[in-house]
Amino acid sequence: MKKIFIVVSLFMLLRTDFAQPYPLIQNIQGRKTISLNGDWRIIIDPYETGFVNYRLDEDQNGFFKNAKPKNKSDRIEYDFDKSEILKVPGDWNSQQEKLFLYEGTVWYKKSFNYNKKNNTRLYIYFGAVNYEAIVYINGEKLGEHIGGFTPFNFEITNKVKEGENFIIVKVDNKRLRNGVPTLNTDWWNYGGITRDVNLIEVPQTFTRDYFIQLAKKSKYVIIAWVQLDGSNLSQNVNIRIPEAGIDETVKTNDKGYTAFKIKSKLTLWSPENPKLYDVTIASSNDTVNDKIGFRNIETKGTKIFLNGKEIFLRGICIHEEAPIRSGRAYSKEDAQTLLGWAKELGCNFVRLAHYPHNVNMIRQAEEMGILVWSEIPVYWTILWDDEKVFANASNQLNENITRDKNRAPVILWSVGNETPRSIPRTKFMKKLVDQARDMDSTRLITAATEIHYINSKTIMIDDPLGKYLDVLGCNEYIGWYDGLPAKADSIIWKSDYDKPIVFSELGGGAKYGLHADSLTIWSEEFQANFYKHQINMIKKIAFLQGMTPWILMDFRSPRRVLPGIQDFYNRKGLFSDKGERKKAFYVLQTYYNLLK
Ligand code: GCU
């Protein structure tokens, strides 16, 4: 019996007055969609004038009504259609100078024409909105979503009108102490409708969600389930993978669900051969097409095995920041550039930090043959004892896994980064680990943990969270936040766990073009020297199974204020924000090419 994970009930704790998003529709790339991308009218509303009245009560006549004066005496104090425009997808900070540091509410409005069709249901699907989104259609509230990096959708079948309609989204990216992430992050708090917005047309009864992957430890057994949505729930569903000679018909139960196994000889997906199969899921009135890769990933002791073969993860961390133009990355081209640079570096793996990246990153990694560490922004010191905070984190994990569970490159679900050791924290994160295992039995679970010295020369890996993880990520900055680069030469590493360790972060900063001797901080020579000493140390650590240095490209951070060097950029990139390769890039590239 398939378990509906407890996410639903916990969420009602958060906000009871708003409808929650509809369960997520799988693989909208394989559906009939109508894009709402492009120009959206906006109203910048720092005082939430369009949402609350002067008594701070919610205003039932707020900006979401998109009101127009009925006559010359009618006092309406806003007008979307005479207001400014922002591009969607896109953050607002990099689109307008005055919004560069803006944190607060911006109202977005998009009008669209629609012709209603018989036996057709309609959804609106947001790739992501940072941070809180309240969505309205034709002046009526649809619901709310919290979390800036995962998709959500609402059904609008009975709310859309024939002809002109308008969608209004109240977007608020204010940082919150009880947020996920919380108040402080070392990345820019880009606000807005940062990813694609689509209308999705589906039949009355359609395949809302499905899972088709190789069973853990297996090269031949596909485990799968299908979830229909609609009135005709119990029916035959046909799964076809022509190239693998698979043509299977299964029957869903009265809840529209069926789970099954298929045996087949498959060419397994790997970085060397990112083989994808055309997959078709057809029910009586609905057909969904997908391209799926089949691979298995497992650990044995301190080793990681991909398709039964031991693998060292030659990785790099990436923030979802657009190369060259800065701002949030969102497009296929952004993904191809960033992942192309990772490939050039010699990578077979990337850590997408510290939140789920856009689906183009995952789909491009799938085609380019790059393994992925996918993470939710349980970052630094969030409120561990707050049930609503857990519900929020749990929902972001739910949406992340739901969106990408059929994507071969994703091998690791990370439940967080650099969270301080405490019993409430470990309890909180263990629940997320259990949730991830329950939702997906085929992948590995990890988190980026912090290390500590047991004496001046010996570092011990013994974070209590490690007990529940398959792979431990360890962030270490020996030679940057911890002494000078040469210190790494004499460090001894010990681990409490008979599990694979991945250095999920290591790095030092350099301003591109700044040249000096190797001990002059911020020079390219200092950073290159830092990597030389790191590599010396890494070569000696038997249980190390991978690494993702911090970071591919300089990225914006409000915490980095050193004039002439940082200027609101974290400078630990191997590439500058303009795509220039620093000396350290070649040091790591040489090492990775040796490992190939
Ligand atoms: C931390 C953190 C990153 C941060 C990096 C740094 O470990 O996880 O988000 O940017 O270190 O200090 O550069």
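Bear in mind that the values here come from a model prediction, so they are computed numbers and not experimental data. We count ligands from 1, going down the list as the structure has it; atoms in each ligand are counted the same way.
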Enquirer: Just to be sure I read this right, does ligand 1 sit under 4.0 Å from the backbone of T185, its side chain, both, or neither, counting only heavy atoms?
Expert: neither
Enquirer: Donor-acceptor check, side chain of N593 to backbone of T590, threshold 3.5 angstrom: yes or no?
Expert: no
Enquirer: State the atoms of ligand 1, each with its element, that fall below the 4.0 Å cut-off from a heavy-atom position in R560.
Expert: 6 (C), 12 (O), 13 (O)
Enquirer: Please determine if K572 and D186 form a salt bridge, counting it only when a charged side-chain N lies under 4.0 Å from a carboxylate O.
Expert: no
Enquirer: Please say whether K572 places an N or O atom under 3.5 Å from an N or O atom belonging to ligand 1.
Expert: yes
Enquirer: Nearest heavy atom to atom 4 (C) of ligand 1: which of I551, N417, D186, L506 does it belong to?
Expert: D186
Enquirer: Taking N417 for the side chain and A447 for the main chain, is one N or O donor matched with an acceptor at less than 3.5 Å?
Expert: no
Enquirer: Quick check on salt bridge (Lys or Arg N to Asp or Glu O under 4.0 Å): which of R560, R571, R556, K511 does D577 satisfy it with?
Expert: R571
Enquirer: With a cut-off of 4.0 Å, which atoms of ligand 1 are near a heavy atom of N570?
Expert: 6 (C), 10 (O), 13 (O)
Enquirer: Taking the six-membered ring for Trp, is the centroid-to-centroid distance between W550 and F503 below 6.0 Å?
Expert: no
Enquirer: Under 4.0 Å from a heavy atom of F555: which atoms of ligand 1 are those, numbered in the order shown and with their elements?
Expert: 10 (O)
Enquirer: Closest non-hydrogen protein atom to atom 7 (O) of ligand 1, residue and atom name please, with distance?
Expert: E418 OE2, 2.4 Å
Enquirer: With no hydrogens and no angle check, is any side-chain donor or acceptor of N130 less than 3.5 Å from a backbone partner on Y190?
Expert: yes
Enquirer: Show the atoms of ligand 1 that are less than 4.0 angstrom away from any heavy atom in Y481.
Expert: 6 (C), 12 (O), 13 (O)
Enquirer: Distance-only, no hydrogens or angles: does the D554 side chain make a donor-acceptor pair with backbone N or O of G573 under 3.5 Å?
Expert: yes
Enquirer: If the contact criterion is a heavy-atom separation under 4.0 Å, does R559 count as touching ligand 1?
Expert: no
Enquirer: Examine H319 against ligand 1 and note whether any of their N/O atoms are separated by less than 3.5 Å.
Expert: no
Enquirer: When you measure from atom 11 (O) of ligand 1 to each heavy atom in H354, E505, R571, which option holds the nearest one?
Expert: E505
Enquirer: Would you check whether W187 reaches within less than 4.0 Å of ligand 1, judged by its heavy atoms?
Expert: no
Enquirer: Mark yes or no for whether T548, through its side chain, and V350, through its backbone, hold a donor-acceptor pair below 3.5 Å.
Expert: no
Enquirer: Examine distances only and state if a side-chain atom of S523 and a backbone atom of T520 form a donor-acceptor pair shorter than 3.5 Å.
Expert: yes
Enquirer: Strictly under 4.0 Å, does any heavy atom of W480 approach an atom of ligand 1?
Expert: no
